[in-house]
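Beneath this line is the structure, given in structure tokens, with notes to follow.
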Amino acid sequence: MNDIKVYALSTCIHCRNAKKYLDECGVKYECVHVDELTGDERKKIVQEVKEHNPAVSFPTIVIRDKVVVGFHKDQIDEALKED
């Protein structure tokens, strides 16, 4: 299941809480800690984030075709339900 991707910062409490919540929901996801990337890889990922969230704020969670910006359990639950 590679249809959930979390763009996060390693130092962000909201990012940590979002990942913890996804873990509690038992869903598999790919997490990218943007602040740990460098050079071209970082530029590429920031561009990816901009496509989903022009403000480039974290966490940016992509669940299939839905985007949740920030840690909002209700929005995450809603996006997970749509299968």
Side-chain angles (χ1 to χ4, degrees):
M1 184 197 259
N2 237 7
D3 47 3
I4 302 176
K5 194 163 189 174
V6 178
Y7 297 95
L9 300 176
S10 61
T11 56
C12 169
I13 188 67
H14 302 294
C15 299
R16 220 171 297 154
N17 288 337
K19 291 186 302 179
K20 182 179 176 196
Y21 184 66
L22 288 171
D23 290 340
E24 288 169 2
C25 290
V27 296
K28 288 185 172 26
Y29 59 90
E30 179 186 348
C31 180
V32 179
H33 287 119
V34 179
D35 58 327
E36 294 178 349
L37 303 174
T38 56
D40 289 340
E41 187 180 19
R42 185 177 187 144
K43 284 180 194 161
K44 177 180 161 278
I45 294 296
V46 167
Q47 194 55 46
E48 254 180 57
V49 175
K50 276 184 187 172
E51 290 170 18
H52 301 290
N53 171 13
V56 190
S57 54
F58 300 96
T60 296
I61 307 165
V62 181
I63 301 173
R64 290 175 275 290
D65 60 346
K66 299 277 185 224
V67 177
V68 178
V69 177
F71 175 45
H72 303 284
K73 286 183 184 182
D74 55 337
Q75 291 177 28
I76 292 170
D77 289 342
E78 192 62 37
L80 288 173
K81 263 191 261 175
E82 295 176 16
D83 209 350

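All values below come from the heavy atoms of this structure, side chains included, with hydrogens, waters and symmetry mates left out.
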[atom2] on [Y] to [atom1] on [X], rounded to 0.5 Å:
{"X": "Asp35", "Y": "Cys12", "atom1": "CG", "atom2": "SG", "value": "9.0 Å"}
{"X": "Tyr7", "Y": "Glu30", "atom1": "OH", "atom2": "CD", "value": "7.5 Å"}
{"X": "Asn17", "Y": "Lys73", "atom1": "CG", "atom2": "NZ", "value": "8.5 Å"}
{"X": "Cys15", "Y": "Phe58", "atom1": "SG", "atom2": "CZ", "value": "7.5 Å"}
{"X": "Asp23", "Y": "Lys28", "atom1": "CG", "atom2": "NZ", "value": "10.5 Å"}
{"X": "Arg16", "Y": "Thr11", "atom1": "CZ", "atom2": "OG1", "value": "7.5 Å"}

Test: Lys66 and Glu78 ion pair at under 4.0 Å:
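No, no charged N to carboxylate O under 4.0 Å.
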
Heavy-atom side-chain contact between Val32 and Lys5 under 4.5 Å
yes

Would you mind reporting whether Val27 and Leu80 have side-chain heavy atoms less than 4.5 Å apart?
yes

May I ask whether [X] and [Y] are part of the same hydrophobic cluster, defined by side-chain heavy atoms of I, L, V, M, F, W, Y residues being less than 4.5 angstrom apart, directly or through others?
{"X": "Leu22", "Y": "Val69", "answer": "no"}
{"X": "Ile4", "Y": "Val67", "answer": "no"}
{"X": "Val68", "Y": "Phe71", "answer": "yes"}
{"X": "Val62", "Y": "Val49", "answer": "yes"}

For Ala79 and Arg64 the tightest heavy-atom approach is O-NH2, 3.5 Å

Of all heavy-atom pairs between His33 and Leu9, which one has the smallest distance, and what is that distance?
CD2-C, 3.8 Å

Distance-only polar pair, side chains of Asp3 and Tyr29, donor-acceptor under 3.5 Å
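Looking only at side-chain atoms, Tyr29 and Asp3 do not form any donor-acceptor pair under 3.5 Å.
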
For His52, look at atom NE2 and say whether over 12 heavy atoms of other residues, nucleotides or ligands are found less than 6.0 Å away.
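Counting other residues, nucleotides and ligands, NE2 of His52 exceeds 12 neighbours.
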
N/O donor-acceptor pair under 3.5 Å between Arg42 side chain and Glu36 backbone
no

Do any N or O atoms from the side chain of Asn53 and from the backbone of Ser57 form a donor-acceptor pair under 3.5 angstrom?
yes

